[in-house]
A.B. asks: 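Can you read through this structure? Questions will come right after.
Since the model is a prediction, treat every value here as computed from it, not as a measurement. Computed from heavy atoms alone, side chains included, the values below leave out hydrogens, waters and symmetry copies.
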Amino acid sequence: WVWKNTTDDFVGTTQYRRFYEEPAVNGLVYDKDTIYVSNPYAFEESIYDQYKRWHGEMPLLILRDLAQKKIIDLPFVQQLQQMNILSSCNMFFCQRELFDKLCERLFEIIFEIYEGTKYTLPYVQPNNQTRMIAFLSERILTLIFNNINYFFKDAKIQPVPMRVIT
């Protein structure tokens with residue numbers, strides 16, 4: 001919604017009850033080529049295995065299929081099996097032009113995954129399985145952030161602490 005319905009020069013997303021730490025945001029020196037992301041979280045297992053355990057393997061297999069179709073590069077998908085760092089909550093903010101490019105790339109992949117899962121989504125069980133694409137988008141964004149200069153020349157990533165309000 002933010003991507004298609006705002007015109008601000010600097011834009012971003014947060015998540016319900018998750019916010020960037022105000023002192024950290026206030027202390028930033030903003031740069032037009034920087035994407036500010038939530039502080040990464042380290043798992044004891046790969047983010048592939050963590051996703052598979054909690055959300056099932058089907059979207060990951062579709063992501064691998066997209067790599068074979070050249071929609072996303074296979075080495076990036078393979079990184080999921082080694083990486084244990086996740087920029088969670090689909091939280092990031094940046095200058096509008098970079099935000100638009102990032103969203104275009106992310107949603108190109110997400111819509112392809114949705115096409116592969118749209119018939120099964122109404123039948124998945126509760127416990128967050130219906131949100132599997134949203135959870136997978138965290139992994140895709142992490143891949144993009146981890147390989148930022150491949151996707152966006154001269155772009156940089158800067159983590160920003162966040163907090164959860166319960």
A.B. asks: Please give me the minimum heavy-atom distance between S46 and L80, naming the atom from each residue.
C.D. replies: CB-O, 3.6 Å
A.B. asks: For K101 and E104, run salt bridge (charged side-chain N to carboxylate O under 4.0 Å, His left out): C-alpha distance rounded to whole Å, both residues' side-chain angles, the deciding distance at 0.1 Å, then the answer.
C.D. replies: CA-CA 5 Å; K101 289 177 185 177; E104 285 170 13; over 6 Å; no
A.B. asks: Counting distance only, does the side-chain N/O of T14 pair as donor-acceptor with the main-chain N or O of F19 below 3.5 Å?
C.D. replies: no
A.B. asks: Are V2 and L102 grouped together when hydrophobic residues (ILVMFWY) are joined by side-chain heavy atoms under 4.5 angstrom apart?
C.D. replies: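 Yes; L102 is reachable from V2 via cluster members.
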A.B. asks: Using the rule that two of Ile, Leu, Val, Met, Phe, Trp, Tyr join whenever any of their side-chain heavy atoms come within less than 4.5 Å, decide whether I113 and L61 are in one cluster.
C.D. replies: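 Same cluster: I113 reaches L61 through Ile, Leu, Val, Met, Phe, Trp or Tyr contacts under 4.5 Å.
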A.B. asks: Is there a donor in the side chain of E57 and an acceptor in the side chain of Y48, or the other way round, less than 3.5 Å apart?
C.D. replies: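 Their side chains do contain a donor-acceptor pair, which is all the 3.5 Å distance test asks for.
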A.B. asks: Mind checking the CD-NZ spacing from Q81 to K52? Nearest 0.5 Å is all I need.
C.D. replies: 9.0 Å
A.B. asks: Show your reasoning for whether ring-ring contact (aromatic ring centres under 6.0 Å, His included) applies to Y20 and F93.
C.D. replies: CA-CA 10 Å; Y20 292 104; F93 59 97; 4.9 Å; yes
A.B. asks: So, taking the atom named CG in N147 and the one named CD in Q79, what distance separates them when rounded to the nearest 0.5 Å?
C.D. replies: 4.0 Å
A.B. asks: Does D31 reach the side chain of Y36, with side-chain heavy atoms less than 4.5 Å apart?
C.D. replies: yes
A.B. asks: Could you state whether I148 and M91 fall into the same hydrophobic cluster, counting links through intermediate Ile, Leu, Val, Met, Phe, Trp or Tyr residues with side-chain heavy atoms under 4.5 angstrom apart?
C.D. replies: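 No, separate clusters.
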A.B. asks: Hey, is D49 close enough to R53 for a salt bridge, meaning N to O under 4.0 Å?
C.D. replies: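 Looking at R53 together with D49, the answer is no, because their closest N to O distance does not fall below 4.0 Å.
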A.B. asks: Are the side chain of T142 and the backbone N or O of S87 linked by a donor-acceptor pair below 3.5 Å?
C.D. replies: yes
A.B. asks: To the nearest 0.5 Å, tell me how far Q158 CD sits from F92 CZ.
C.D. replies: 16.0 Å
A.B. asks: If only atom types and distance count, is the side chain of N90 paired as donor or acceptor with the main-chain N or O of E138 below 3.5 Å?
C.D. replies: yes
A.B. asks: If we only count heavy atoms from C-beta on, is the S88 to M162 side-chain gap below 4.5 Å?
C.D. replies: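 A side-chain contact under 4.5 Å exists here.
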A.B. asks: Can you tell me how far CD1 of I62 sits from CZ of R64, rounded to the nearest 0.5 angstrom?
C.D. replies: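 Nearest 0.5 Å value for the CZ-CD1 distance: 12.5 Å.
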A.B. asks: Any idea which heavy atoms bring S137 and A134 closest together, and the distance?
C.D. replies: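 Where S137 meets A134 most closely, the heavy atoms are OG-O, 2.6 Å.
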A.B. asks: Side-chain heavy atoms under 4.5 angstrom apart, residues restricted to Ile, Leu, Val, Met, Phe, Trp, Tyr: same cluster for I157 and V11?
C.D. replies: yes
A.B. asks: When you measure from the side chain of R96 to the backbone N and O of D8, does any donor-acceptor pair fall under 3.5 Å?
C.D. replies: yes
A.B. asks: Would you check if the side chain of N84 reaches a backbone N or O of A42 as a donor-acceptor pair within less than 3.5 Å?
C.D. replies: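 It does not hold such a pair.
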A.B. asks: Is the closest side-chain heavy-atom distance between I35 and F99 below 4.5 Å?
C.D. replies: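 I35 vs F99: side chains apart.
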A.B. asks: Mind running side chain to side chain contact (heavy atoms under 4.5 Å, CB included) on N146 and F151 for me, showing each step along the way?
C.D. replies: CA-CA 10 Å; N146 196 51; F151 290 99; over 6 Å; no
A.B. asks: Taking the side chain as every heavy atom from C-beta outward, state whether Y51 and L63 have any atom pair closer than 4.5 Å.
C.D. replies: no
A.B. asks: Is it the case that the side chain of D154 and the backbone of N149 share a donor-acceptor pair, with hydrogens and angles ignored and the cut-off at 3.5 Å?
C.D. replies: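 Looks like no, no N/O pair under 3.5 Å.
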A.B. asks: Could you tell me whether E22 atom CD has more than 12 heavy atoms of other residues or ligands within 6.0 Å of it?
C.D. replies: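 Atom CD in E22 is not packed in, count stays at 12 or less.
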A.B. asks: So which heavy atom on L60 is nearest to which on L136, and how close?
C.D. replies: CD2-CD1, 3.7 Å
A.B. asks: Quick one: pull up CG in L106 and CD1 in I144 and give me the separation to the nearest 0.5 Å.
C.D. replies: 5.5 Å
A.B. asks: Parallel, tilted or perpendicular: which describes the rings of F107 and F111, with under 30° parallel and over 60° perpendicular?
C.D. replies: tilted
A.B. asks: How far apart are the C-alpha atoms of F135 and W54, what are their side-chain angles, what is the distance that settles it, and do they pass the ring-ring contact (aromatic ring centres under 6.0 Å, His included) test?
C.D. replies: CA-CA 10 Å; F135 292 126; W54 289 100; 10.0 Å; no
A.B. asks: If you measure from SG on C103 to CG on L141, what distance do you get to the nearest 0.5 Å?
C.D. replies: 8.0 Å
A.B. asks: Which donor-acceptor pairs under 3.5 Å do side chains of residues 68-76 form with protein atoms, sequence neighbours excluded?
C.D. replies:
{"from": "K69", "atom 1": "NZ", "to": "D65", "atom 2": "OD2", "distance (Å)": "3.3"}
{"from": "D73", "atom 1": "OD2", "to": "Y150", "atom 2": "OH", "distance (Å)": "2.2"}

A.B. asks: Is there a continuous path of hydrophobic side-chain contacts, each under 4.5 Å between heavy atoms, that joins V37 to W3?
C.D. replies: yes
A.B. asks: Around D9, counting heavy atoms of other residues, nucleotides and ligands shown, do more than 12 lie under 6.0 Å from its CG?
C.D. replies: no
